[in-house]
Structures are given as C-alpha cells and as structure tokens.
Chemist: 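Okay, handing you the structure first.
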Amino acid sequence: MQKMLSLLSRVLQGPAHKPVTAVRVMVASRNYADFASEATFDIKKCDVHRLDEAPPTQAVLTREQGLQYYRTMQTIRRMELKSDQLYKQKIIRGFCHLYDGQEACCVGMEASINPTDHLITAYRAHGYTYTRGVSVKEILAELTGRKGGCAKGKGGSMHMYAKNFYGGNGIVGAQVPLGAGIALACKYFGKDEICLALYGDGAANQGQIFETYNMAALWKLPCIFICENNRYGMGTSVERAAASTDYFKRGDYIPGLRVDGMDVLCVREATKFAADHCRSGKGPILMELQTYRYHGHSMSDPGVSYRTREEIQEVRSKSDPITLLKDRMLNNNLSNVEELKEIDVEVRKEIEEAAQFATTDPEPPLEELGYHIYRNEPTFDVRGANLWIKYKSVS
C-alpha cells in the first residue's frame with residue numbers, strides 16, 4: 001500500500017497531462033483484476049420425454065462469455081427496436097416479424113453449436129441472421145430493400161441468409177422438412193455436423209412436421225427440432241389452438257426437452273445436450289423453448305387485442321432475458337454497471353450507424369431483377385411482365 005501511494009505521489013508531480021492517464025490506467029487495471037473470472041449458477045430443470053438423462057441444472061459462466069452474450073442480446077434488442085421505428089416511418093415495408101424478448105434462444109443456441117453446423121428457421125429470423133454472422137448494417141439494409149443488404153435488397157425481413165444459415169422462410173412450417181433434408185446431407189456425406197430446424201407453436205400442428213418427425217426417426221437424422229413456444233400463434237393463444245401444449249412430447253417416439261427459453265444459460269446447456277445426442281448417432285431430438293415476444297406477431301399486429309398490456313409488462317419485469325443475465329453478472333462480480341453501460345453506448349452507436357447506411361444506400365437497379373436465380377449458371381434471359389421486357393440473369 002505504501003509503495004502504491006509513493007508511486008501515485010511521484011506520478012502526480014509530473015506534467016499536467018500525464019497523471020490523469022496514469023491514474024486511469026491503474027484504476028482500470030485494478031477494477032478488471034477485481035472481477036471474478038467465472039461463476040456457477042443454478043438453472044431451471046428441463047422437463048424430459050423418453051430420456052434417461054437430462055441437461056445439467058447448473059451452468060458455469062465465464063466473464064468473457066457473459067460480456068459476449070450481453071452484447072449480442074443487447075444488439076439484437078436494439079436492432080429490433082430500430083426496425084420498429086423504421087417500419088413506423090414507412091422506410092421498412094411489407095412483412096416484418098420482430099424478435100425482441102426471445103434473444104436468449106438464438107444466443108444460447110449459437111453458443112453451443114459449431115459454425116459448421118446448420119440452422120434453418122421461419123420468418124422471425126433477424127436474431128438468427130445476426131448470430132450466424134451477418135452484420136447489423138447488412139440486416140437493416142435488407143429490411144429497407146437496399147443493395148447493401150445481405151440478400152442484395154431482394155429478400156426483406158423473411159428471407160435472409162448466411163453461410164450454413166438457410167433463412168428465413170415465409171411458408172408456415174415448410175422449413176422443417178428442409179431442415180431434415182439438410183440433416184440427411186450431413187449424414188450422407190459423413191460429416192460430424194447437425195441441423196437445427198426451428199418453428200413456432202403456431203406451426204406445430206402442421207402435418208408436414210409430423211411427416212418429417214417420422215422420416216427423421218426412421219433414418220436417425222442428426223436433427224434438433226426446436227419449437228419456439230412464445231405462447232401465441234399470430235393472435236391465438238396456445239391453449240386455444242392445441243389439444244396438447246406439451247410440444248416437447250409431440251415427437252412421440254422422438255426424445256424431447258422442455259427448456260426455459262428466457263434464460264440464455266438454460267438454452268445453452270440444453271442445446272449442448274441435444275447436439276451431443278444427435279452427434280452420437282442416436283437420431284433426432286425435440287426441444288421446446290418456452291419464451292415470449294414483446295411485439296405483436298408482425299408489425300401489423302398491435303399485440304394487445306388477445307393479451308393484456310399488464311401481461312406483457314409482467315414478463316418484461318420478471319423474466320426479461322437481458323435483465324436476468326445482467327443481474328447475474330452484477331451480483332457475482334463478473335462485471336459492473338459502468339462496464340455494461342459502456343457496452344450499451346457502443347451498441348446504440350453501432351445501430352445508429354447501421355440505420356444511417358440502411359436509409360442512404362441505393363436500391364438495387366431494375367436491370368438486376370433477374371440476377372441470382374441460380375447459383376452457378378451461364379447468363380440467360382428472363383421474361384418480364386410481358387413478351388417485350390427481358391432481363392438478364394447473372395449468377
């Protein structure tokens with residue numbers, strides 16, 4: 001202590017601009033050294049179906065992981081709030097389904113799979129597009145229909161893609177058999193890869209999903225079927241739409257898990273467990289993530305005609321995934337309020353810069369309307385609205 005005071009005294013006697021810098025470095029160093037490197041948390045026990053084992057009820061969170069999860073979830077939350085604003089300004093048009101409230105699902109999943117694994121989802125896809133590696137700038141530019149968007153401005157909210165991410169699909173439930181096909185390819189080519197096929201509670205009654213369960217079980221495909229149960233399919237509560245709301249048991253002969261989808265650690269550990277199950281050659285497994293969306297089904301749905309504002313507020317106050325992670329980190333000395341506020345400021349800046357790009361980048365020119373029909377084909381003509389209008393298709 002005496003040495004530190006002596007050093008501080010000598011520093012303060014130096015030039016006017018140097019003491020502050022030195023003191024700041026020393027304080028920052030001391031603060032970071034004071035943080036815990038990791039902490040162990042109790043997490044909610046998963047309900048299981050046809051399983052002898054279950055995911056753990058404790059999870060270790062390192063400081064580095066906590067900061068990463070917090071930044072990613074905050075980025076998705078702010079990106080969706082900015083999308084809401086741009087939609088209300090009529091800068092974003094058409095279908096737009098926001099993901100705020102469900103951030104723990106996509107972040108927890110991505111934390112427990114490999115970049116070489118595959119993922120396909122429905123039309124509430126912005127969060128997954130980001131966690132699979134697409135920048136906020138490209139996502140917002142795609143939403144505004146600009147050339148710099150991740151699908152060149154042609155896909156919009158429901159059709160975004162990245163490496164090993166297959167969208168963004170607009171037909172209810174149709175992505176699930178496609179996901180099984182991707183899993184079949186993984187098995188056929190002998191790769192140690194799996195596919196996550198996601199759908200919502202509203203799609204869970206689709207016949208094609210049950211057909212896919214059957215084929216996946218017969219062929220022991222490395223596929224995790226994931227039902228994001230946010231309690232409302234469009235404007236209908238699950239209790240009014242489904243004779244059984246135990247979605248994790250819907251696979252019957254396929255093992256299943258019911259997971260707290262508002263806890264990023266719970267999702268992470270359950271997905272690790274499910275991924276290990278698939279990689280070991282045991283075939284498919286089903287996960288139900290119990291989550292909640294803060295916005296309506298889409299931007300055309302105010303979201304309060306079939307549920308109360310009080311219900312939404314109660315979920316926000318008691319179960320918000322970002323608040324839960326933040327409280328854990330603060331209460332276990334993995335971070336402090338100032339550091340997390342710095343992340344918030346950086347995230348807001350990133351979102352504002354991305355929005356600026358998304359509102360000033362040019363729209364794709366009309367002559368590119370027929371581009372990218374095929375991935376790797378020679379250029380050919382595409383007929384337009386009548387016989388006399390022709391476009392070139394370039395791969």
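Note that this is a predicted model, so its numbers are computed, not measured.
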Chemist: Got more than 12 heavy atoms from elsewhere within 6.0 Å of NZ, Lys154?
Modeler: yes
Chemist: If the threshold is 4.0 Å, N to carboxylate O, is there a salt bridge linking Lys341 and Glu338?
Modeler: no
Chemist: Would you tell me whether Glu228 and Tyr99 have side-chain atoms, one donor and one acceptor, within less than 3.5 Å of each other?
Modeler: yes
Chemist: Let me confirm one number: the CD1-OG1 distance from Ile92 to Thr359, rounded to the nearest 0.5 Å.
Modeler: 10.5 Å
Chemist: Output, in order, the C-alpha distance, side-chain angles, deciding distance and verdict of side chain to side chain contact (heavy atoms under 4.5 Å, CB included) for Met160 and Glu138.
Modeler: CA-CA 10 Å; Met160 299 182 184; Glu138 291 176 287; over 6 Å; no
Chemist: Is the number of heavy atoms from other residues, nucleotides or ligands under 6.0 Å of Asp52 CG greater than 12?
Modeler: no
Chemist: Show, in sequence, the C-alpha distance, side-chain angles and deciding distance for Arg328 and Tyr70, and conclude whether the side chain to side chain donor-acceptor pair (under 3.5 Å) test is met.
Modeler: CA-CA 11 Å; Arg328 278 175 168 164; Tyr70 181 81; over 6 Å; no
Chemist: For the residue pair Asp361 and Lys147, what are the closest heavy atoms and their distance?
Modeler: OD2-N, 3.3 Å
Chemist: Give, for atom CD1 of Ile224 and atom CD1 of Ile254, the distance between the pair rounded to the nearest 0.5 Å.
Modeler: 12.0 Å
Chemist: Leu289 and Gly261: which non-hydrogen atoms are nearest, and at how many Å?
Modeler: CB-CA, 4.3 Å
Chemist: Step by step, would you call Arg71 with Glu346 a side chain to side chain contact (heavy atoms under 4.5 Å, CB included)?
Modeler: CA-CA 9 Å; Arg71 182 183 291 273; Glu346 291 168 5; 2.7 Å; yes
Chemist: Do Leu334 and Leu325 share a hydrophobic cluster, counting only Ile, Leu, Val, Met, Phe, Trp and Tyr and linking them when any side-chain heavy atoms are less than 4.5 Å apart?
Modeler: yes
Chemist: In sequence, state the C-alpha distance, the side-chain angles, and the governing distance for Asp47 and Phe248, and then conclude on side chain to side chain contact (heavy atoms under 4.5 Å, CB included).
Modeler: CA-CA 9 Å; Asp47 296 322; Phe248 73 111; 3.9 Å; yes
Chemist: Less than 4.0 Å between a side-chain N and a carboxylate O, is that true for Glu103 and Arg77?
Modeler: yes
Chemist: Do the side chains of Val264 and Ile322 join up, straight or via other hydrophobic residues, at under 4.5 Å, putting them in one cluster?
Modeler: yes
Chemist: Give the intermediate values and the outcome of side chain to side chain donor-acceptor pair (under 3.5 Å) for residues Glu142 and Tyr161.
Modeler: CA-CA 11 Å; Glu142 189 57 41; Tyr161 309 94; over 6 Å; no
Chemist: Taking atom CD1 of Ile312 and atom OH of Tyr294, what is their separation to the nearest 0.5 Å?
Modeler: 10.0 Å
Chemist: I need the His295 NE2 to Arg124 CZ distance, nearest 0.5 Å.
Modeler: 10.5 Å
Chemist: Counting heavy atoms not belonging to Tyr253, are there more than 12 under 6.0 Å from its OH?
Modeler: yes
Chemist: Could you state whether Met79 and Ile343 fall into the same hydrophobic cluster, counting links through intermediate Ile, Leu, Val, Met, Phe, Trp or Tyr residues with side-chain heavy atoms under 4.5 angstrom apart?
Modeler: yes
Chemist: Between Tyr306 and Asp301, is the side chain to side chain donor-acceptor pair (under 3.5 Å) condition met? List the steps.
Modeler: CA-CA 10 Å; Tyr306 48 87; Asp301 167 26; 2.5 Å; yes
Chemist: Are there over 12 heavy-atom neighbours, none belonging to Glu239, within less than 6.0 Å of that residue's CD?
Modeler: yes
Chemist: Any luck finding a side-chain donor-acceptor pair between Gln74 and Arg348 under 3.5 Å?
Modeler: no
Chemist: Taking the six-membered ring of Tyr391, is NZ or CZ of Arg383 closer than 6.0 Å to its centre and within 45° of its axis?
Modeler: no
Chemist: To the nearest 0.5 Å, tell me how far Leu265 CG sits from Leu61 CG.
Modeler: 5.5 Å
Chemist: Once rounded to the nearest 0.5 Å, what's the spacing between atom NZ of Lys326 and atom CG of Asp344?
Modeler: 6.0 Å
Chemist: Quick check: closest heavy atoms across Ser393 and Gly370, and the distance to 0.1 Å?
Modeler: OG-O, 2.7 Å
Chemist: Before you tell me yes or no, could you show the steps for Asp260 and Gln290 under side chain to side chain donor-acceptor pair (under 3.5 Å), namely the whole-Å CA-CA distance, both residues' side-chain angles and the distance that decides it to 0.1 Å?
Modeler: CA-CA 5 Å; Asp260 180 1; Gln290 293 187 312; over 6 Å; no
Chemist: Using a 6.0 Å distance limit plus a 45 degree cone around the ring axis, check whether Arg250 lies over the aromatic ring of Tyr213.
Modeler: no
Chemist: Given Asp100 and Ile76, is the side chain to side chain contact (heavy atoms under 4.5 Å, CB included) satisfied, shown in steps?
Modeler: CA-CA 7 Å; Asp100 51 317; Ile76 295 169; over 6 Å; no
Chemist: Answer yes or no: is there an ion pair linking Glu110 with Arg132, defined by an N-O contact shorter than 4.0 Å?
Modeler: yes
Chemist: Just to verify, what does Ser157 make a side chain to side chain donor-acceptor pair (under 3.5 Å) with, not counting sequence neighbours?
Modeler: His126
Chemist: Indicate whether the side chain of Gln85 and that of Lys82 have a donor and an acceptor atom separated by less than 3.5 Å.
Modeler: yes
Chemist: Would a distance-only check, ignoring hydrogens and angles, find a side-chain to backbone donor-acceptor pair under 3.5 Å from Asn386 to Ile389?
Modeler: yes
Chemist: Below 6.0 angstrom between ring centroids: does that apply to His297 and Tyr123?
Modeler: yes
Chemist: Looking at Ile373, I'd like to know if its CD1 atom is crowded, meaning that more than 12 non-hydrogen atoms belonging to other residues, nucleotides or ligands lie closer than 6.0 Å.
Modeler: yes
Chemist: Write down the atom of Pro284, the atom of His277, and the distance for their closest heavy-atom approach.
Modeler: O-NE2, 3.5 Å
Chemist: Could you check whether Lys44 pairs with Asp263 (Lys NZ or Arg NE/NH1/NH2 to Asp/Glu carboxylate O, under 4.0 Å)?
Modeler: no
Chemist: When you group the ILVMFWY residues by side-chain heavy-atom contacts below 4.5 Å and let the links chain together, are Leu98 and Val136 in the same group?
Modeler: yes
Chemist: Flag the pair Glu363 and Lys152 as a salt bridge only when some basic side-chain nitrogen lies within less than 4.0 angstrom of an acidic carboxylate oxygen.
Modeler: no
Chemist: Please find the pair of heavy atoms, one from Tyr69 and one from Ala111, that lie closest to each other, and give the distance.
Modeler: OH-CB, 3.5 Å
Chemist: State yes or no: do Leu198 and Val107 share one hydrophobic cluster built from I, L, V, M, F, W and Y residues joined by side-chain heavy-atom distances below 4.5 Å, directly or via other members?
Modeler: yes
Chemist: Do Tyr292 and Glu311 pair up side chain to side chain, a donor and an acceptor below 3.5 Å, judged on atom types alone?
Modeler: yes
Chemist: Are Tyr374 and Phe380 close enough that their ring centres sit under 6.0 Å apart?
Modeler: yes
Chemist: Tell me the closest heavy-atom pair linking Gly145 and Pro364, and the distance in Å.
Modeler: O-CD, 3.3 Å
